[in-house]
2 protein chains.
Amino acid sequence: MNIGEAAKASGVSAKMIRYYETTGLIPKAERRTSGYRDYSPADVHNLRFIRRARDMGFAVAEIQELLGLWRDRSRHSADVKRIAAAHVEELSARIAAMEEMRSTLQTLIGCCAGDDRPDCPILADLEEPGVAVRPDAQARLRERAIANRRG
Amino acid sequence: MNIGEAAKASGVSAKMIRYYETTGLIPKAERRTSGYRDYSPADVHNLRFIRRARDMGFAVAEIQELLGLWRDRSRHSADVKRIAAAHVEELSARIAAMEEMRSTLQTLIGCCAGDDRPDCPILADLEEPGVAVRPDAQARLRERAIANRRG
DNA sequence: TGTGGGGCTTGCCATCATGGGAAGGTCAAG
DNA sequence: CTTGACCTTCCCATGATGGCAAGCCCCACA
C-alpha cells in the first residue's frame, strides 16, 4: 500500500504520516526496492487511532502515551483515564479563557452603535479597560461569565 | 524610558516589543546615542492597547486594523464592530469544537472503570469510534452536545 | 517499447506568537 | 574602576501543518 492510499484510508495526510515517522510516533515504514514506503492494514489501523486522538485534541506527545498503553495488554485503564481526564481539564481551561474573551467582546459589541460615527466603546475599552462600559453592562458581563462557568 | 521599563509598564515583554517593531505593528522606536531604544508614555499607551487586544484573543493582523481605526479620528464605529463580531464568531467556532471534544471525552471517561484492569472504553473508542460506548451513553453525549450549543 | 501523467522521495521554507540563549556593548551604583 | 544589571543583534526552537521544487518511479495506453 502506497503512502497516498494509506493516507486516504486513515484520514492522515501523506505529509503528516512522514512527519509522524520522523518524530518517532510511528515506526519507520517498510520500503520497497523503489524506495516507496509500504503500509500494511495494521499500519493504517495505527494511523486511524492517531487521527481519532488528534480529532479529540490530544497533542502528539499524549498520543505517544496512549499508543503505548494501547499496545500494552497489561495496562491499567486508570492510566488511560488519567491522561484523558488531564486533557479534559486542559480543554476546560482553554474553553473558559475563550469564553471570557467572548463574553467581554459581546458586552462591548452590545454597547457599540456600529454606525458612521467614530465613537466606539470597543476601542475605548481597548484603550482603557472598564471605562467605556456602563455599570449595568459590566454587571451583565459578570453574570454571563458566571453562567459560562456553569455551562 | 528603556525597553525594560516600557515592558513592565505595558505588560508586553521586551522580546515582543522588538518583534512588534520588526513586523511593523508599532513604529521603529527612537534610539539614544548608546543605541538603546527610548519609549515615551504615548508608546506605552500604544503597547497597552496591543496587550489588551491580545488578551481578547485578537491576532496581530487584526490588531493592526484596530490600531488603524483607533488612530483614525474619522473612523466608523461599524468597522470596529465588524472586526469584533468576526472575532467573536471565530471564538465561538473554536469553543464549539473544543466543547465537542470535551463532551466526547467526558462520555468515554464516564464509561471507563479507571482501575487495574486493561479494558478501557477510551482506547476502544480511539481504535474504533462508537463501538465501545453503550447506546444510553451515546444519547447522553448527544444531549450534552446540544446543551453545550445552547450554553 | 516508448511516453505521459500522476505518485513518490527528500529537503527546505512558512506559518503564529513567543521564549531562550549567546556574544558583545552600556549604564549606574558602589 | 569594577561589577552586575540591562541593552543590542542574531539565531534557534516550539507544534502541527501545508507548499514547493527537483528528481525518481510506476502504470496504462498507444
Give the rounded distance in Å between these two atoms: [atom1] of [X] and [atom2] of [N].
{"X": "Phe58(A)", "N": "dA16(D)", "atom1": "CZ", "atom2": "C1'", "value": "17 Å"}
{"X": "Glu90(A)", "N": "dG15(D)", "atom1": "CD", "atom2": "P", "value": "12 Å"}
{"X": "Glu5(B)", "N": "dC6(D)", "atom1": "CD", "atom2": "C1'", "value": "10 Å"}
{"X": "Lys28(B)", "N": "dT8(D)", "atom1": "NZ", "atom2": "C1'", "value": "15 Å"}
{"X": "Lys15(A)", "N": "dG18(D)", "atom1": "NZ", "atom2": "P", "value": "9 Å"}
{"X": "Glu21(B)", "N": "dT8(D)", "atom1": "CD", "atom2": "C1'", "value": "12 Å"}
{"X": "Tyr36(A)", "N": "dC24(D)", "atom1": "OH", "atom2": "C1'", "value": "7 Å"}
{"X": "Tyr19(B)", "N": "dC10(D)", "atom1": "OH", "atom2": "P", "value": "17 Å"}

- Task: Hey, which sits more toward the 5' end of DNA chain D by its nearest nucleotide, Arg37(B) or Met16(A)?
- Result: Arg37(B)
- After noting the C-alpha distance and the side-chain angles of Arg51(B) and Asp55(B), does the key distance pass the salt bridge (Lys or Arg N to Asp or Glu O under 4.0 Å) rule? CA-CA 6 Å; Arg51(B) 171 63 205 264; Asp55(B) 285 348; 3.0 Å; yes
- Message: Heavy atoms only, 4.0 Å cut-off, all strands: where does Arg18(A) land among base, sugar-phosphate and nothing?
- Response: base
- Just checking Ala59(B): base, sugar-phosphate only, or nothing, at a heavy-atom cut-off of under 4.0 Å? sugar-phosphate
Given 3.5 Å as the limit, does a donor-acceptor pair link the side chain of [X] with the main chain of [Y], or not?
{"X": "Ser92(B)", "Y": "Val88(B)", "answer": "yes"}
{"X": "Asp38(B)", "Y": "Met1(B)", "answer": "yes"}
{"X": "Arg75(A)", "Y": "Leu69(A)", "answer": "yes"}
{"X": "His76(B)", "Y": "Pro118(A)", "answer": "no"}

Hey, is the side chain of [X] poking within less than 4.0 Å of OP1 or OP2 on [N], counting only N and O atoms?
{"X": "Ser34(A)", "N": "dC26(D)", "value": "yes"}
{"X": "Arg54(A)", "N": "dT17(D)", "value": "yes"}
{"X": "Arg31(B)", "N": "dT9(D)", "value": "yes"}

- Message: For chain B and DNA chain C, what are the first and last nucleotides along the strand, 5' to 3', with at least one atom under 4.0 angstrom from a heavy atom of the protein chain?
- Response: dA17(C) to dC27(C)
- Quick one: on DNA chain C, does Arg32(B) or Ala61(B) contact a more 5' nucleotide (nearest heavy atom)? Ala61(B)
- Query: Are Met16(A) and Tyr36(A) co-members of a hydrophobic cluster defined by side-chain heavy atoms under 4.5 Å apart?
  - Reply: no
- Task: Using a cut-off of 6.0 Å, state whether more than 12 heavy atoms not belonging to Glu5(B) lie near its atom CD.
- Result: yes
